[in-house]
Amino acid sequence: MTRRNDPKGPVKRLSAMSAAVRTAVITGIAITPGAAMAQEAIDLSKWSPEYVRSIAGTGKFDTAAECAKTVPLDYTGRVSVWYTGPADAEPEITKKFDKEFWEAFKATYPNITVEAQSIVYNDLLDKLRTSLLGNAGPMVVRLQILGGVEFAAKGYLQPLKPEDVGYTPAEFWPGAMKSVTYEGATYGIPTNNETMGFIYNAKIFADAGLDPETAPATWDDVVAYSKQIHDKLGIAGYGMVAKQNAGNTPFRFMPQMWAYGGAALDENLDAPTLQTVGLNSPGAKAALQASYDMYVRDQSVPVSALTNTQAENQAPFIAGQLGMMIAHPAEYAKMVDLAGKATGKDKEVADEVVANMRYGLIPAGPDRRAVVFGGSNIHIVKSDYVEGGMDEMGAKALICFWTSPEWSTKLAWVGSNPGNLRGFQTEWMKERLDTIKFLDVTTSMLPSGIPFPAIAEAPEIMNIIIPDMLQNALTGKMTVDEAAEDAAAKVEALLGGM
Amino acid sequence: MAVSSGPVTGSLRRDDGLLRRIVTHRADYAYVLPALVVMMVVIAYPIWFTVDMSFYKTPASLQLRDRTFVGWKNYHTILTAPAFWSVTLNTLIWTVASTFFAFLLGLGAALSLHREFAGRAVLRAILLIPYVISAVAASYLWKWLYHSDFGVIGALSVQWGFTDKPINFLDNIHTALPSLIVVNIWREFSFAMIMLMAGLQTVPEQLLRAAQVDGANAWQRFWHVTAPHLKGVSMVTVLLLMVANFNSFIVPWLMTGGGPAGASDIWITHIYQIAFGRQNWGLASAYSVILFIVMMCLGYFYVQALTRGDKGRPE
């Protein structure tokens, strides 16, 4: 491995600046992070659809020049990376940017040999677990937002901060930084982040006597609107998802729980300890009660909610049989795609649904407005577990490139947003806003994003215990109180090491 | 080339040592040695690893090498957990009901298709479809047939006036498991049919005719002539179905994920959830060992059924 320049100079300078920048973000003061001192400041306290539009296209960025400060462009080395690349079914533009990314990296760092493996989402974690057991992991891995915690806890990951690749923590969402922080140390850098929005069918709202241009403001409104839609039109109002062992379930239930003031642990706090169980709090019970009211009392949501993932809500929504649901930023594109595939009378209905599709903010609750902070992070595996040995400079060059304003925007084109906040100032973000409908609404939810607790037990809590709690209450197997207490006891036992 | 080095007689005594037998049949063992080595690697080692792992605590926050020995604690945890007994009950209901009805339906189909009639070949091909169709495809197909809001069965039941609203098959704790069992029976009865059709070929036609001449009615001919000839193949079929059903994963996992509220959670789905959902490999291994013991018991009976009558044959 050849090292031709000392990268510590710029890193040290940026590290020193980061503390002040972090303070600025927390206090809502306008900041100008990292290398973009010449750009207009990003003020997270002003975040709104209008603000997102106003800053898009205001900055110019030179990725090669920024990364050269960390790893010189003539550096000779290698890097191996595993990630989930575009699937066959994904839009052409996603595949195009993925291809262009690797070409651009090769052009910028011609002497770094890249061994990239695209591994499907469902296989990546298991493949990584297996390979690490045999010390045959990659140098770099990009995982979904909570995927890295398990590996950090097990000691497989090397500490990695934004400063290590020439950026500052302030250039990333505080929520995203929480997701890469385990026991006080930072183990990764966010590549992309997204939050969901709330979509509804304006025609159904109008037919049910609701204001077609106003999304429900609170979760109590959702319960009431869902009942009104069901009572007046005989169709499901809200697209509840409560399947067991399914990641979709907590992504849709936790915003409701946080809004009512509940939490799985205390992840909804600004400085969570992640040692307090919140599932039996009054807020958590209120959220569970609201779900119970919709499913059992009002019967205003799909009966199939207990076996539905989000994918199963798409068919009734495009068929005009479902009024509203929490949805991904890419849901509009999906609905357009479904309408394009429909024929005959189905197509008429689907086209009408697309025309009447509206995005709103996820409803607020008595405590706050909240949404799950989603996305992906990139990590460096410890040298001991890497096949063929580690080339840290090669790994950092790739990570710097990937998390740059330019590529974190382009690689998140359809379904997410740049992990690097300066990506919102790029010309490509402006292009996205101009071409992707409702993107401004879903991006404006980002400040309300709360990441799942960054502990190794989080997948069990989120994907098993919380869906179980919902199902226990919704099937009548337990009362709302019993289900909440049962779930809390399970989390207590889990955290207690039982 | 010598196949066997020593004389082969039927008088080899049971108290002959294993080593002596190996020496006597060394050439035979040499032939199967490669297969034995492969089996040791791909079967015996994973079994040993799983048994070993079942005595360790493996929290999600630790690497496997940092596991801690807990003795029988995982087994104690399993046997004292309420979930174990509900999952075991579900597994027994699932296995016994699926096996019994798949066998019964398969027997009926085999008896019907044993007789010559126009279109028999077409009907046989149609009845084989559930067996050849992928379990994943079948699960999704039935999920939409059963769908509690937009399912075909629910829509027809409303349209024909049987019910006021679609029947709740999969989202009800009382109906989820029986609904899955129906799917499983549908998938498996073809297998029983094929096995029993093969068995029916062995029933001597002259015996059936003689019974008929003696005045035996259809039921008496079946019970006293056909059934005894099907005993062997029936036992093998039932055991294979039971083994398959104890190991069933795809249908319950894809259709309900073990829900709602654990109502369709059976051993395999439960073990999968503990291992891959909770990353608790030690506990999942202990569960797997218990399941392995049950399967070995079934396997013993299966081998007994297969080798019945072989005892008098020379080694």
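All of these numbers come straight from a predicted model, not from anything done at the bench. The sequence lines fix the lettering, A, B, ..., with proteins before strands; numbering per chain opens at 1.
- Top candidate by heavy-atom pairs under 4.5 Å with chain B, chosen from A:Gly476, A:Pro302, A:Pro459, is A:Pro302.
- If you measure heavy-atom distances from B:Ile274 to chain A, you find no contacts under 4.5 Å at all.
- Of all non-hydrogen atoms in B:Pro260 and B:Ile173, the two that sit nearest each other are O-CG2, 3.3 Å.
- When heavy atoms are compared at a cutoff of 4.5 Å, B:Leu170 approaches chain A by way of both its backbone and its side chain.
- Counting heavy-atom pairs under 4.5 Å between each of A:Asp468, A:Val303, A:Leu125, A:Leu470 and chain B puts A:Val303 at the top.
- Between A:Glu457 and B:Arg278, no side-chain nitrogen of the basic residue sits less than 4.0 Å from a carboxylate oxygen of the acidic one, so the salt-bridge criterion is not met.
- Contact count against chain A (heavy-atom pairs under 4.5 Å) is highest for B:Lys143 among B:Lys143, B:His174, B:Lys165.
- Only the backbone of A:Ala305 comes within contact range of chain B, judged by heavy atoms closer than 4.5 Å.
- Here the shortest heavy-atom pairing between B:Ala261 and A:Thr475 reads CB-OG1, 3.6 Å.
- Contact of A:Asn472 with chain B is made through backbone and side chain together, with heavy-atom distances under 4.5 Å.
- For chain B, the nearby part of A:Leu133 is the side chain; its heavy atoms alone come within less than 4.5 Å.
- No hydrogens or angles considered: a donor-acceptor pair under 3.5 Å links the side chains of B:Gln63 and A:Tyr385.
- Here A:Arg297 pairs with A:Asp293 in a salt bridge; the nearest charged N to carboxylate O distance falls below 4.0 Å.
- Remark: A:Lys490 does not engage A:Glu460 in a salt bridge, criterion side-chain N to carboxylate O under 4.0 Å.
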